Amino acid sequence: MATALAQLRRAVDQLKLSENDWNTLSTPRRILEVAVPLRRDDGRVEMYKGYRVQYSTTRGPSKGGVRFHQDINLEETVALAMLMTWKCALTNLPYGGAKGGVAVDAHTLSLTENERLTRRYTSEILPIIGPERDIPAPDVGTDERNMAWMMDTYSVNAGFAVPSVVTGKPIVLGGSLGRASATGDGVAISTREALKVRGINPQGATVAIQGFGKVGYWAAIALEAMGLKVVAVSDVNGGVTGFKSVEEVFEYSKKNGTIIGAPGTDRLTNEELLHLGVDVLIPAALADSITEATASGVKARIVVEGANAPTTPEGDAILNNKGILVVPDILANSGGVIVSYFEWVQDKQNYFWGAEEVRENLNKILMRAIVEVEDMAKSKKVTWREAAHMLGVSRVAEAHSLRGLYP
Ligand code: GLU
């Protein structure tokens, strides 16, 4: 939360907004904390804490993922919902920002436990979600299966199918082509543009990726297709290097539950991965991985933030002093919510696009945001992160002021 608030304070100051604006922008609009009871397969009943935070609904319904992770708490959920708000405004999607989650280690749940927990969580937050109110999506620890259960739970209660209540669904339930890889595809597009700015040839440029989940894996695939060389990846157990292709590591991890021990690879610690002498470093795991302690060892020329809030303000200052170009999370990982928006539009219209249409539109929307950020960074002599926040925050502030204060 401290990171998100510090970034907002800076944007408010740089934009010369008023204290009234700061008060409005720094306050989440609606917070719901729920108890989620889960009957375990062995009959035990456990209670988990669940949250849904609607940080802003000024520019449209709130939008954001649902996280299943043992460390999630209300403060972090608020911070992530705030980031969603600036992300949607930066990319000009007609949404506010939200985030939700359950403080549970998804790895400890059987499939049936996961389903019961997802359905109960959905029914607890049911009164405040909906296609016109707040549209959940996958995040850390959830995927298209969870979205299918959420869609079903909402629809059973409504009495008819409501696909547009969540995004990131399986295709047959109204999901969009290209949504599964969208965040990674956006990370790759951001990397491509950042390489241009730094004058680095993408052919053979080297990349290290921290995190090998929905973001890291798809980013790696897209980057390899662009001609870059992914030299290291990691998961919660540590990193590996020396593999021939990302797909090989992926196949191994599907069978073994971890990338560690993939054939022909050498092991790396997470810190060693962050400090590799590569062109591009992509933190695509959890928050706070590039900190005061780890930033000084970063040798990459470009950092592209696949994860949400992977860099602390202290870490950020060190990267900036070293002249490293940082593509901030709200820009670099916005591909996910951009294609979520396409999915919601398709569901509302009952008209589905081809893969090429999704790809072209993702590129168009993201490129517009990248160019705006680059121009703003140049003209105001600020970092890309500052420029991205200034653009997002100013759009929300303007919408606030045009709507006026009721009553
Ligand atoms: N969880 C993703 C994010 O942090 C996607 C959110 C969405 O699609 O609504 O951007």
Side-chain angles (χ1 to χ4, degrees), residues 4 51-57 59-69 72 76-102 106 125 129-131 133-144 146-147 150-151 163-170 174-176 178-187 189-190 211 213-219 283-287 304-310 327-347 358 361-362 365-366 369 388 392:
Y51 311 95
R52 186 70 187 169
V53 175
Q54 297 173 349
Y55 193 86
S56 170
T57 51
R59 300 178 63 263
S62 48
K63 180 94 193 77
V66 171
R67 188 172 279 211
F68 283 3
H69 192 274
I72 189 110
E76 192 183 7
T77 312
V78 172
L80 292 166
M82 190 205 288
L83 283 180
M84 282 308 300
T85 305
W86 317 141
K87 192 187 300 186
C88 292
L90 170 63
T91 45
N92 269 315
L93 306 180
Y95 290 137
K99 201 72 155 206
V102 180
I125 64 165
I129 61 170
R133 296 165 189 243
D134 179 13
I135 305 116
D139 198 88
V140 175
T142 58
D143 59 21
E144 60 172 42
N146 300 88
M147 295 307 114
M150 289 189 82
M151 179 265 187
S164 53
V165 64
V166 289
T167 57
K169 298 178 296 295
S176 176
R179 176 61 184 87
S181 62
T183 311
D185 290 338
V187 167
I189 293 169
S190 306
K214 293 188 293 286
V215 181
Y217 168 70
W218 286 110
L286 289 169
V304 183
E305 296 184 335
N308 286 314
V327 186
D329 47 8
I330 60 171
L331 182 64
N333 71 29
S334 64
V337 72
I338 293 172
V339 179
S340 273
Y341 166 60
F342 300 159
E343 180 173 332
W344 180 72
V345 166
Q346 293 170 73
D347 287 340
V358 171
N361 281 296
L362 167 61
I365 292 193
L366 187 52

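One-based numbering, in listed order, for ligands and for the atoms of each. The model shown is predicted, which means the values in this text are computed figures rather than measured ones.
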Mind checking whether I135 and S340 have side chains closer than 4.5 Å, heavy atoms only? no

Are any non-hydrogen side-chain atoms of P138 and N146 less than 4.5 angstrom apart? no

Under 4.0 Å, heavy atoms only, figure out whether ligand 1 is touched by the backbone of N308, its side chain, both or neither. side chain

Are Y95 and S62 side-chain neighbours, meaning at least one heavy-atom pair lies under 4.5 Å? no

By the definition side-chain contact (heavy atoms from CB on, under 4.5 Å), identify the one residue from T142, D139, L286 that meets it with H69. L286

Nearest neighbour in protein (non-hydrogen) for atom 1 (N) of ligand 1: D139 OD1, 2.8 Å

Heavy atom of R179 under 4.0 Å from ligand 1? yes

Work out whether the distance between some heavy atom of G168 and some atom of ligand 1 is less than 4.0 Å. no

So which heavy atom in the protein is nearest atom 10 (O) of ligand 1, and how far is it from that ligand atom? K87 NZ, 2.7 Å

May I ask you to test the V337-M84 pair for a side-chain heavy-atom distance under 4.5 Å? yes

Where is the nearest protein heavy atom to atom 8 (O) of ligand 1: which residue, which atom, and how far? S340 OG, 2.6 Å

Less than 4.0 Å is my threshold; does some heavy atom of K99 fall inside it relative to ligand 1? yes

Any idea which heavy atoms bring A182 and L362 closest together, and the distance? O-CD2, 4.2 Å

protein heavy-atom neighbour closest to atom 7 (C) of ligand 1 works out as A137 CB, 3.3 Å

So if I count the atoms of ligand 1 from 1 in the order they appear, which ones are less than 4.0 Å from some heavy atom of G64? 9 (O)

Within a strict 4.5 Å, meaning less than it, do heavy atoms of the R52 and P136 side chains meet? yes

Is it the side chain (CB and beyond), the backbone, both or neither of P136 that lies under 4.0 Å from ligand 1, heavy atoms counted? neither

Show which atoms of ligand 1 fall inside a sub-4.0 Å distance from at least one heavy-atom site of P138. 1 (N), 2 (C)

Nearest option to atom 6 (C) of ligand 1, as decided by whichever heavy atom of M84, R67, K63 sits closest: M84

On a heavy-atom basis, the closest approach of N308 and L80 is CB-CD2, 3.6 Å

Point-to-point distance, once rounded to the nearest 0.5 Å, from CZ of R59 to CG of L93: 7.5 Å

Does M147 approach ligand 1 within less than 4.0 angstrom via side chain, backbone, both or neither, non-hydrogen atoms only? neither

